[in-house]
Asks: 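To start, I am sharing the structure in question, which I have written as structure tokens.
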Amino acid sequence: MMAQTEPAEAMPAPVPLPAAVDDDLVRRCQAGDCEPFRQLVERYGNVMFGTALQMTRDRSLAEELTQDAFVNAWRGIGGFRLGSPLRPWLLRILHNRVVSHKRRRLLDLLPLPSADRARDRQPGPEAVVELAEHRSEMRAALDGLPNDQRRIVVLRYYSELSIPEIAQVIGVPDGTVKSRLHRALQRLRANLETTQRSDE
Amino acid sequence: MSEENEKLEQDLAAHFAQERERAAAPNDLWPQIERRLDAGKPRSLVRRRWPALVATVGAAAAIAAGLFVLSGYLGGDGSPTADEVLAAAKEASAHPDKVGLRSYEGVAEITSPVDDDSEATIEAVPEGETSEQANTAPELAMRRSEMQVAFEAPTKYRVDLETLDPSIESGEQSLFVGDGTSSWFYESHSNTYFQKAAENPVGLVTLQYYLTPAMFFGGGIGGLIEGIRSATDAKAVIAAEDTLLGRAVYVVEISPAYSGSRSGPDGQEEYSGGVVRMWLDKEFLFALRTQIPDGEGGEIVEIRFTDISFNREIDDSLFRFTPPAGATEVESGGDAGFSSSGGSVGGEIGFPAPFLSLSQLPGGYAGRSSGTSSDANGTYFSARFLLVEEGDDGYVRGEQRIRADGMPATLQTGEPTSVNGHEAWLTESPDAINLAWQDGDIVIVLTSNRLSSEALLRIAQSMQVRAGGNDPGPVEVEPSEGGEVEVVPAEPESP
């Protein structure tokens, strides 16, 4: 039988901090190695794609922009300063890509893909229905925000960036982010009230 | 935070938590990306624009020489002080040969605030503001530029500068070339150039008001350091030792970056602050990254190399200037041949023909500044104005340039629309909407961070060439409600 116990003084292998892991991966990317970049795509693919989806409301466009952003990140990773947080850097590239997309203004007006809407309407327990209704209201209210305000709300509450990180992503001072976020929430609340009144 | 806000934030968090669960990246994300990655190392200048011009020659010997010389500069084995590093950097920038630096080639990104007052005169103070408030720069977009530089000691250089910000200069280039005998300065927007005898290139490149590429050349860093320290009695520290672009650097902080005096409630008061940061290559004491606060602690101008190679042989053709087709040589003046003159601001913006004057202002906005620029012969080539939102951070910026070549292709992107029968394009930058169109030989770009595209179009449609130039009719401005901006036509003034 093999021994099942570890020496009392043995410590579990240290779990690297995310930033340290990122730095290590980035350093290897900077040397021209693609494999660590694949790991970065796996680590940040969901948040990048989800953020793009929230900003564009178009799944195929979000896929395209996420790919573009990662490709741009690869090209620019030589200039990434080790020790800096990677997530805001990637989201900044994505944000710029979203904003600069030529067709963005038109695509913003397109509805969600029908599959998503159908999924929202799936029958289920009452709580699920209520949640779906609430989500639909929130989504409609978010859709009613001006593009720049919606992007800030997405970066804050979907991508979960701090105010300074959002400032870094969109290239404005912290105070501007705060004031825009404040205005966005005011408008969002008004949109929600309008939606709720029309439902009554 | 109010209960309403807390509830809304909780609702948002819950909503987006659900959305996150539903938004997994596609399974084939990596294969799709992998197909598009270039083989080898990320982004290389050599691959991008100047292929086959660079070859590795003698780098090892030069590096060895540089280390040897630097060991003398920096006091031998011990860690140098910030003052020693800066003194060595100043010396090295003036005499790169002393650190074994014979040439370099690289790409730098420059971020700087859009400085609308740089070529304009502040003409009016909006009612209710003090002059100090009026002269405080509004919160403006940042201009991003990319600069490709090559230098070969002692006086050969090439700077290829391209603005990336979607403004009227988008995609256009300025070029500075020196072949060791002559120097040339070329700007594509006017398609003009002038030539001067070879000299220290600093005097030429500092003409670009929104950049400070001078710091990359002999004396540039030294002048910057000297200027800051003598003006503010600044102290320097080595804040960190780091790695940048794979090179060991000192991160040197110099503070205060600025000082002065201004009117306060109790009379004249002194102020100072800000930090200049430099990432100085340990081997060549070359500034790989520099951050400089703009004015009294406003936006930070940053110049950051994204690619650099030292001591590689550079093809000599890079340092020769061939005038582009149709380019006109102009006489070089002490101030680059450019001069500025103010327009009028105060409820309306008037410009001399052929520029368009603005007779309708958006509600809640007031004129901050306007101006025109002309060449050494007094011929106008650009006009600009800046409106700012009263009590908020909105702005509308207008730039007009005479362009015989028509609308640059880079501006013909975005959503097509029309202004007074002319084709126009609406595009969005990260924080602003841009509207570009051409009227005769004038290309106009309006930019706003707050107004809707409809409001911007209404302003554009109100712009006309005025016979009186600086004397447009009076304008009635109505405050807006609910954030919507109304453009109000001017009513004829009663005699």
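Quick caveat: nothing in here was measured; it's all calculated off a predicted structure. Residue numbers begin at 1 in each chain, while the letters A, B, ... track the order of the sequences.
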Asks: Side chain to side chain contact (heavy atoms under 4.5 Å, CB included) for L192(A) and D11(B)? Distances and angles first, verdict last.
Replies: CA-CA 11 Å; L192(A) 280 169; D11(B) 287 349; 5.7 Å; no
Asks: Would you compute the distance between atom CZ of R20(B) and atom OG1 of T51(A) and round it to the nearest 0.5 angstrom?
Replies: 9.0 Å
Asks: Is it the side chain or the backbone of V153(A) that comes within 4.5 Å of chain B heavy atoms, both, or neither?
Replies: both
Asks: To the nearest 0.5 Å, how far apart are CZ in F37(A) and CH2 in W30(B)?
Replies: 6.5 Å
Asks: Can you say whether E42(A) sits under 4.5 Å from chain B via the side chain, the backbone, both, or neither, judging by heavy atoms?
Replies: neither
Asks: So which residue, M48(A), R27(A), E63(A), ends up with the most heavy-atom pairs under 4.5 Å with chain B?
Replies: E63(A)
Asks: Does any non-hydrogen side-chain atom of L29(B) lie less than 4.5 Å from one of F70(A)?
Replies: yes
Asks: Applying salt bridge (charged side-chain N to carboxylate O under 4.0 Å, His left out), can you list everything that pairs with D242(B), at least two apart in sequence or on another chain?
Replies: R81(A)
Asks: CZ of R35(B) to CD of Q67(A): how many Å apart, nearest 0.5 Å?
Replies: 7.5 Å
Asks: Between L8(B) and M138(A), which heavy-atom pair has the shortest distance, and what is it?
Replies: CD1-CE, 4.4 Å
Asks: Which atom pair, heavy atoms only, marks the closest approach of H15(B) to R139(A)?
Replies: CE1-N, 4.1 Å
Asks: Which value, rounded to the nearest 0.5 Å, describes the distance between T306(B) atom OG1 and I77(A) atom CD1?
Replies: 13.5 Å
Asks: Pairs in or reaching into residues 141-166 of chain A: which pass ring pair (Phe, Tyr, Trp, His ring centres under 6.0 Å), with residues at least two apart or in two chains?
Replies: Y158(A)-F16(B)
Asks: Side chain of N46(A), backbone of A25(B): donor and acceptor closer than 3.5 Å?
Replies: yes
Asks: In terms of heavy-atom proximity below 4.5 Å to chain B, should E160(A) be classed as side chain, backbone, both, or neither?
Replies: side chain
Asks: When you check the gap from the basic side-chain N to the acidic O, do E9(B) and R156(A) get nearer than 4.0 Å?
Replies: no
